[in-house]
Amino acid sequence: LLAVLLAAPVFAEDDIYDDVPPLQRSLAELQLGDHFKDVQRIYPPTQKWVPYIDPRGRVMRYRIERAWAKNFPLWTETLLLGFKGGALVDIQVVYNAKRTREKSCESLARDLSLTYGEPRRSGDTIWWSDSDTVLRVFPVEVPTLKRGGGVELRASLEIYDKNLFTRAD
């Protein structure tokens, strides 16, 4: 009985490490819920950003290349943003070749798992989720300018509203 009582505080102390913090809802200086004008204030356009409607979830999507904004996140080749009901609901960063060589998807996932715990996997995609947000790390194919075409893989990090594809608005 004494051994059980002495061990109880140890177990209670270990329980605090089971609490995983909520996923951060910001990426590349943007926050889920921001409006389009907020994004343009942070990354002033050098040309008109042309949207397209993603039929999956009826999301207004923008693909923003480095040359299309006066400011751009360090290490980033492309930003992919999704808006629904006027609010930012999806932020994806595609890293450039140098950053991908320095931080692979596996390395990014290892770093994130120190904060968010063990991830789930589906093919090449590594992800975490909480009640509001999904965080994914995965490789993206980027066309090369080399002779004969082809693609190179880049590391990509994405956060989006968990109910993005289930909301009715």
When you check the gap from the basic side-chain N to the acidic O, do [X] and [Y] get nearer than 4.0 Å?
| X | Y | result |
| --- | --- | --- |
| D90 | K84 | no |
| R61 | D54 | yes |
| E77 | R154 | yes |

For [X] against [Y], the heavy-atom pair lying closest together:
| X | Y | value |
| --- | --- | --- |
| G33 | A87 | O-CB, 4.0 Å |
| K70 | P45 | CE-O, 4.2 Å |
| R41 | D38 | NH2-OD1, 2.8 Å |
| T100 | A155 | OG1-N, 3.1 Å |
| V93 | A28 | CG2-CB, 3.9 Å |

Verdict with reasoning, W68 to Y43, per side chain to side chain contact (heavy atoms under 4.5 Å, CB included): CA-CA 9 Å; W68 301 352; Y43 301 116; over 6 Å; no
Shared hydrophobic cluster, [X] / [Y] (ILVMFWY, side-chain heavy atoms < 4.5 Å):
| X | Y | value |
| --- | --- | --- |
| L157 | Y116 | yes |
| F72 | V94 | no |
| L164 | V134 | yes |
| W75 | V140 | no |
| L81 | L74 | yes |

Check against salt bridge (Lys or Arg N to Asp or Glu O under 4.0 Å), D130 and K162: CA-CA 8 Å; D130 62 17; K162 189 172 189 174; over 6 Å; no
Any side-chain heavy atom of [X] within less than 4.5 Å of one from [Y]?
| X | Y | value |
| --- | --- | --- |
| E158 | I91 | no |
| P44 | N71 | yes |
| L79 | P73 | yes |
| Q24 | T115 | no |
| D161 | L32 | yes |

Steps toward side chain to side chain contact (heavy atoms under 4.5 Å, CB included) verdict (I42, L30): CA-CA 8 Å; I42 294 167; L30 301 173; 3.7 Å; yes
How long is the span from the [atom1] atom in [X] to the [atom2] atom in [Y], to the nearest 0.5 Å?
| X | Y | atom1 | atom2 | result |
| --- | --- | --- | --- | --- |
| S129 | R120 | OG | CZ | 4.0 Å |
| F138 | S122 | CZ | OG | 11.5 Å |
| S104 | R99 | OG | CZ | 10.5 Å |
| L27 | I159 | CG | CD1 | 5.0 Å |
| L153 | E141 | CG | CD | 6.0 Å |
| S26 | Q31 | OG | CD | 5.0 Å |

With a 3.5 Å distance limit and no angle check, can you tell me whether [X] reaches the backbone of [Y] through a side-chain donor-acceptor pair?
| X | Y | result |
| --- | --- | --- |
| R25 | D132 | yes |
| W128 | T133 | no |
| D111 | L108 | no |
| H35 | G86 | yes |
| T78 | E65 | no |

Residue pair S113 / E118, side-chain donor-acceptor N/O under 3.5 Å: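 No, no side-chain donor-acceptor contact under 3.5 Å.
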Donor + acceptor pair across side chains of E152, T144 (<3.5 Å):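 Looking only at side-chain atoms, T144 and E152 do not form any donor-acceptor pair under 3.5 Å.
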Candidate pair Y160 and L135, rule side chain to side chain contact (heavy atoms under 4.5 Å, CB included), full reasoning: CA-CA 7 Å; Y160 62 87; L135 167 62; over 6 Å; no
Over 12 non-hydrogen atoms of neighbours within 6.0 angstrom of CG in D124: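 Not more than 12 within 6.0 Å, no.
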Verdict with reasoning, F83 to Y62, per ring pair (Phe, Tyr, Trp, His ring centres under 6.0 Å): CA-CA 8 Å; F83 292 85; Y62 291 86; 5.8 Å; yes
